[in-house]
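Data block below; observations after.
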Amino acid sequence: MPATAPMMSLNGRIVPYDQCTIHAFSGVVKYGAGVFEGLRGYWNPDRGDMYVFRLREHLERLRYGMRVLRFDTVFEAQFMQDSLIAMIRANDLRETVHLRMIAFLDGDDELAATGPVGLVCGAVPRPPSKAVRDGVHVAVSTYARLSDNVLPPRVKSTANYVNNRAAELEAKRNGYQGVLMLTDQGKVSEGSGACFFMVRNGVLHTPDTASDILESITRDTMIQLARGLGMEVRERTIDRHEVYDATEAFYCGSGYEVQPILSLDRLDLGHGKPGPVTRALQKAYFDEVEGRTDAHPDWRTPVWANSQGG
Ligand code: PMP
């Protein structure tokens, strides 16, 4: 059984899951010409509302990706927002969900086709994560992260995920729950679906945006939250062997949220348990996304508050 909610949005129309189909010879299938977004809608039971987290930034990134893939249609943010919210409402979703949007090359044309372009939105209910609570054991990948002049990691294209998938499969095969990818220069880059932070000498460090990472919205959130808590954050090039000396490390991403990394290559980081900095940042993060603080109201788009009958 698919975990995806029963109603989806295809090109602005609400359709049942099994009618949300495109041709097997479409450009996205043949050539991997698609751009993906993964977002979260957080249910706040006290306010009886769902908040889509940093929707504007996700839609801006999607539009950027569509432009870089030279799609002849770059959907307006408003159209994409309306499609997403309509899909959530069509499913009457009143729980925390992972939201997925793909702008894709449709039709059945040759390699340099630029249209027609489609948009699909769906939701997958997501219960609280065990990895967020307990942490994960991680290995350095033997696969190098894609580099900017190969397939730009800052474009969240579906084709990029062949690289991430290979790394994740390798890690799972070897008994790990997560992976740390290095750039083709051997510098720390990111996980298969999340960005990376570590605490070393009391300072928070994360690979800079030229380390072949996705320019992650959660990464930006964490940097702002950490600075707000008075922590020093450095964005820079990081060596693999610095990480073995970290006292704490964590992944962050819309899907992953904030996951403590307990060990790298079976070497414990700190005490091999989720540390105080990670726990403080997790708390700050969940307070934001679930709407228990009013520090950044512009980061949350309510789904039901403004809806008729909501
Ligand atoms: N890196 C990769 C490779 C990812 O797939 C993701 C998930 N989108 C992230 C980082 C985290 O990005 P974001 O915080 O924008 O979800």
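Every number for a ligand or one of its atoms is a count from 1 in the order of the listing.
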Taking side-chain hydrogen bond (donor to acceptor under 3.5 Å, both in side chains) as the criterion, tell me which of Asp148, Asn160, Asp212 meets it with Arg154.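 In the set Asp148, Asn160, Asp212, the residue that makes a side-chain hydrogen bond (donor to acceptor under 3.5 Å, both in side chains) with Arg154 is Asp148.
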Going by distance only, is there an N or O of [X] that falls short of 3.5 Å from an N or O of ligand 1?
X      : value
Ser216 : yes
Ser254 : yes
Ile217 : yes

query: Does the ring of Tyr176 carry Arg266 above it, NZ/CZ under 6.0 angstrom from centre and within 45° of its axis?
result: yes
Check your understanding: With backbone taken as N, CA, C and O and side chain as the heavy atoms from C-beta onward, which portion of Tyr161 lies under 4.0 Å from ligand 1: side chain, backbone, both, or neither?
Key ->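 The side chain, only.
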Just need the protein heavy atom nearest to atom 8 (N) of ligand 1, so name the residue and atom and give the distance.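 Residue, atom and distance for the closest contact: Lys156 NZ, 2.8 Å.
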query = Any side-chain heavy-atom pair from Asp265 and Arg240 closer than 4.5 angstrom?
reply =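 Yes; the side chains approach each other to less than 4.5 Å.
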Glu37: heavy atom below 4.0 Å from ligand 1, yes or no? no
(request) Indicate if Met7 and Met50 have the same hydrophobic cluster label, given that clusters are the connected sets of ILVMFWY residues with side-chain heavy-atom separations under 4.5 angstrom. (result)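 Shared cluster, yes.
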* Asked: Can you list the ligand 1 atoms lying under 4.0 Å from a non-hydrogen atom of Asn164?
  ->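 So the answer, numbered in order with elements, is 3 (C).
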What verdict does the side chain to side chain contact (heavy atoms under 4.5 Å, CB included) test give for Met198 and Asp245, after you've listed the backbone C-alpha separation in whole Å, the side-chain angles of each residue and the deciding distance to 0.1 Å? CA-CA 9 Å; Met198 69 172 181; Asp245 188 42; over 6 Å; no
